*Asks:* 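Below are the structure tokens for one structure; questions will follow.
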Amino acid sequence: MITKDLLSFLDESTCCFTAVRNVVGRLEAAGFRRLDMSRKWPVIHEGAKYYVVKNDSAVFAFIAGNDITAGFKIISAHSDSPCFRVKPQPEMAGGGGCLRLNTEVYGGPILYTWFDRPLSLAGRVVLRSDDPLHPVTRIVDLQEPLLVIPHLAIHFNRSVNDGNPLSKQRDMMPVLGFLKEGMEKEGLLVKVLARALECAPGDILDFDLCLYPVEKSCLTGLDKEFISAARIDDLEMVHAGLSALLVSAKDEPQQPMTRVLAVFDNEETGSGTKQGAASPVLLSVMRRLNENLGGNEDTFQQAVANSFMVSADNGHGLHPNYESKQDPTNHPILGRGPVIKSNANCKYMTDADSSAVFRMICDKAGVPVQTFVNHSDVAGGSTLGNILTSQIELRGVDMGCPQWAMHSCRETAAVADHIYTVRAFTTFYNL
Ligand code: ZN
């Protein structure tokens, strides 16, 4: 049930904008109400359920606790995934009368995995309005297969399988079709968007558009134990956090601590935007909440000191073909439970204290837990937790589900780990 729900969530969440739209839809259906940072907030009562959207691509949902100093229980994840973004004035002629779209790489995708797949476009289109400071934003998902990045035939490069460096500008341009007689290439994409949005092409001022593969998610393996899908990093954790929050809202309408789900954007490019974890966006939401619950700076500082964050971003599971890439004693296996990620140089926020907290939560939930540390000769990644602590000095743990092929166009994770993680998150929110 939860697995089926994850697959449809992944299929509908084709980019950060549609992901946030889907999170918001589910929050609204569960009785959460929208608050706007640019407007006055109402007096917030214990147990009230609200959310704030930032830049259409980040969302912060909370259930107000009934003890203002008891603190925040936060689960954070990110809405963005590596992909290709469409450049302005993207129409480009190609050989044989082909029309291509000029794109730019977003984050760190494995380029090879994007070849020869039916691709579509999703994102945000911004339209003219009467108020120059406030244009109209529309979220769009064309859904139809529309583009393909064709690979060069092996006959033109016999050594392709011996390693083939790729140029992001030359090799990765998607083809949109043929330019027909008398067809203007300039503005063609805008016309396609205008048709989809039923607006005049002249009203479209700009867009943030991502390419995405249209093939649906599915289960694979002898016992259907694997999830094969795009954007598992990190929408699997967004889905787990959201599912847990909604279950917890029903199980325990009132709690001393405020429960928070924080979905940031731009983790894949270093989090350095107003909607990213390096900005004060979550801190601002927490402060506004404290004030509208009737608190002051002193109650807020007590609340922060009593808080705990689970920074949820998937980790690397042991790859059956590359065992030597992993740490000799800390190599999580797919299907054997969520992973606590730690790093001696503090790339993760985990320490012995916060790891102990997460272990006890998993114990209580009856969930096995694994550990991940980088092989000492391999430089690892970083994630939300340690970046966020430059804004708020929170206690917290970095964790995630183990997965294969992180940043591939199509990634693999385990069904069991998702079920375990939702259970652990629900236990955390219900503590
Ligand atoms: Zn991630």
Side-chain angles (χ1 to χ4, degrees), residues 6 9-10 13-20 22-23 57-59 74-85 105-111 113-114 210 212-213 217 227-242 261-273 275-279 281-282 309-317 319 332 334 338-343 346-350 370 372-374 378-389 396-414 417-418 421-422 425:
L6 169 66
F9 180 78
L10 291 170
S13 304
T14 48
C15 68
C16 54
F17 300 104
T18 48
V20 165
N22 291 332
V23 171
S57 62
V59 56
I74 304 165
I75 293 175
S76 68
H78 63 91
S79 63
D80 61 321
S81 307
C83 65
F84 291 85
R85 292 265 173 130
V105 171
Y106 175 85
I110 303 175
L111 296 176
T113 60
W114 283 79
C210 307
Y212 72 87
S217 311
I227 299 159
S228 168
R231 303 174 296 280
I232 286 178
D233 168 23
D234 188 35
L235 294 181
E236 180 181 10
M237 288 300 98
V238 172
H239 179 266
L242 177 64
L261 174 69
V263 180
F264 294 97
D265 189 11
N266 303 123
E267 192 276 341
E268 300 294 355
T269 57
S271 298
T273 58
Q275 60 277 4
S279 83
V281 59
L282 176 61
M309 180 162 92
V310 176
S311 161
D313 196 358
N314 276 0
H316 306 295
H319 192 300
L334 263 65
V339 179
I340 296 173
K341 304 192 277 184
S342 59
N343 175 268
C346 312
K347 297 272 189 218
Y348 299 125
M349 75 192 304
T350 310
Q370 310 186 76
F372 173 86
V373 185
N374 281 311
V378 176
S382 156
T383 180
L384 300 162
N386 65 325
I387 292 174
L388 195 69
T389 45
V397 65
D398 264 301
M399 58 71 65
C401 282
Q403 69 163 85
W404 291 329
M406 190 175 284
H407 293 191
S408 169
C409 191
R410 187 105 179 167
E411 300 169 324
T412 303
D417 294 330
H418 194 67
T421 302
V422 173
F425 285 180

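Side chains are part of it too, since the values below use all heavy atoms of this structure and drop only hydrogens, waters and symmetry mates. Note that the numbering runs from 1 along the sequence shown for the chain. Atoms within each ligand, like the ligands themselves, are counted from 1 in listed order. Worth saying up front: this structure is predicted, and the values here are computed from it rather than measured.
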*Asks:* Any side-chain donor paired with an acceptor under 3.5 Å for S311 and D398?
*Replies:* yes

*Asks:* Can you tell me if D313 has an N, O or S atom under 2.8 Å away from the Zn ion (ligand 1)?
*Replies:* yes

*Asks:* Will you find, in the side chains of N266 and H78, an N or O donor that is under 3.5 Å from an N or O acceptor?
*Replies:* no

*Asks:* Backbone N or O of E267 within a donor-acceptor pair of the D80 side chain at under 3.5 Å?
*Replies:* yes

*Asks:* Return yes if a side-chain donor-acceptor contact under 3.5 Å exists between R410 and S228, otherwise no.
*Replies:* yes

*Asks:* Looking at the Zn ion (ligand 1), is there an N, O or S atom belonging to D234 that lies under 2.8 Å away from it?
*Replies:* no

*Asks:* With the Zn ion (ligand 1) at the centre, find the angle made by OD1 from D233 and NE2 from H78, to 10°.
*Replies:* 100°

